[in-house]
Amino acid sequence: MGLFTKDIKSMEDLLMHGLQDIYYAEQQILKSLPKMIDKATNRDLVSGLKAHLEETNKQVERLDTVFAKLGKEPSGTQCPAIDGIIKEADETAGEIEDKAVLDAAIVANAQAVEHYEMCRYGTLIAWAEELGHDEIVRFLTTNLNEEKAANTKLNTVALRKGVNAKASSAA
């Protein structure tokens, strides 16, 4: 089902599509995070990405619970937005030879992913509240809060842990 197809006839349909979208996105992120971890060289960045990989697994489990509470089977629908963000990240990473500059690019690419997720979770929370699905709001809110925290950690790695400074002094 595309975002604005005839399959979406109600707000409930829109919520379900959004949940399938973020479910797919989290699955794609689970596939791409190990590649980012392998390419990263900054110790704090590697550590943060590994921690977020574990968090992402828990986020998928929470989404499984959300689907169950709604009486639905967990499923994803292709999300061109996350596919594009990940494709761009892979292409950028493939073009950068200097490891310090690559670390800065990884931070930026990871933040693009986090911002996408924050946007989606925020919308899903608002829709779930509007539709009276209070039983799923806390699971979505927990995921949103983890995405916000991951973004803050990425900022810290870039600005206070020296990733940007080291990249800017690279040849």
Side-chain angles (χ1 to χ4, degrees), residues 1-37 39-40 45 48-93 105-158:
M1 140 167 67
L3 184 54
F4 295 108
T5 67
K6 291 182 243 168
D7 297 335
I8 298 175
K9 295 182 167 77
S10 69
M11 193 70 171
E12 288 287 343
D13 294 342
L14 193 58
L15 173 66
M16 189 52 55
H17 177 77
L19 290 169
Q20 291 169 335
D21 177 283
I22 197 67
Y23 193 79
Y24 173 88
E26 295 290 14
Q27 299 291 337
Q28 298 312 111
I29 293 161
L30 283 175
K31 292 177 191 172
S32 68
L33 270 172
K35 296 175 200 169
M36 294 170 84
I37 291 165
K39 291 178 181 175
L45 178 56
L49 292 173
K50 284 181 178 176
H52 196 57
L53 179 58
E54 289 176 31
E55 275 183 345
T56 303
N57 277 306
K58 290 177 186 152
Q59 291 168 355
V60 170
E61 289 173 15
R62 279 187 215 104
L63 288 172
D64 288 339
T65 302
V66 164
F67 280 102
K69 287 189 173 292
L70 295 173
K72 306 284 184 180
E73 281 295 313
S75 67
T77 188
Q78 188 166 8
C79 170
I82 201 66
D83 287 341
I85 291 169
I86 291 170
K87 181 180 181 213
E88 182 180 16
D90 288 344
E91 288 174 1
T92 303
I106 290 170
V107 169
N109 293 331
Q111 285 191 290
V113 169
E114 296 310 321
H115 283 251
Y116 176 79
E117 292 175 298
M118 290 185 308
C119 169
R120 284 291 183 216
Y121 280 118
T123 297
L124 290 169
I125 291 163
W127 290 347
E129 287 173 341
E130 187 66 32
L131 291 166
H133 290 301
D134 299 334
E135 73 279 16
I136 68 170
V137 169
R138 79 178 164 90
F139 296 101
L140 298 173
T141 301
T142 300
N143 283 8
L144 174 61
N145 290 338
E146 287 177 355
E147 303 301 359
K148 287 178 179 179
N151 184 62
T152 299
K153 289 174 192 166
L154 287 164
N155 272 335
T156 299
V157 167

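Given the structure is predicted, the values throughout are model-derived calculations rather than measurements.
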- request: For side chain to side chain contact (heavy atoms under 4.5 Å, CB included), just list the numbers for T77 and Y24, CA-CA rounded to whole Å, side-chain angles, deciding distance to a tenth of an Å, and then say yes or no.
  value: CA-CA 6 Å; T77 188; Y24 173 88; 5.7 Å; no
Between [X] and [Y], what is the shortest heavy-atom contact and its length?
X	Y	answer
E114	L154	CG-CD1, 3.9 Å
I136	K69	CG2-CB, 4.0 Å
W127	L15	CE3-CA, 3.9 Å
A110	L49	CB-CD2, 4.4 Å
L45	A40	CD2-CB, 3.8 Å

message: What's the separation between atom CG in L124 and atom CE in M16, rounded to the nearest 0.5 Å?
response: 10.0 Å
message: Can you list everything that forms a salt bridge (charged side-chain N to carboxylate O under 4.0 Å, His left out) with E91? Sequence neighbours excluded, please.
response: K87
message: Tell me every residue that passes salt bridge (charged side-chain N to carboxylate O under 4.0 Å, His left out) with E146, counting only those two or more places apart in sequence or in another chain.
response: R62
message: Taking ring-ring contact (aromatic ring centres under 6.0 Å, His included) as the definition, give me every residue that meets it alongside Y23, ordered by chain and number, with sequence neighbours left out.
response: F67
Residues that [X] engages under side-chain hydrogen bond (donor to acceptor under 3.5 Å, both in side chains), provided they are two or more places apart:
X	result
S75	Q20
N57	none
D90	none

message: Does E88 have more than 12 heavy atoms from other residues, nucleotides or ligands lying within 6.0 Å of its CD?
response: no
query: In this structure, which one of L63, I22, V60 forms a side-chain contact (heavy atoms from CB on, under 4.5 Å) with N143?
result: L63
task: Give a yes or no on whether the backbone of T142 and the side-chain of N145 come within a donor-acceptor separation of less than 3.5 Å.
output: no
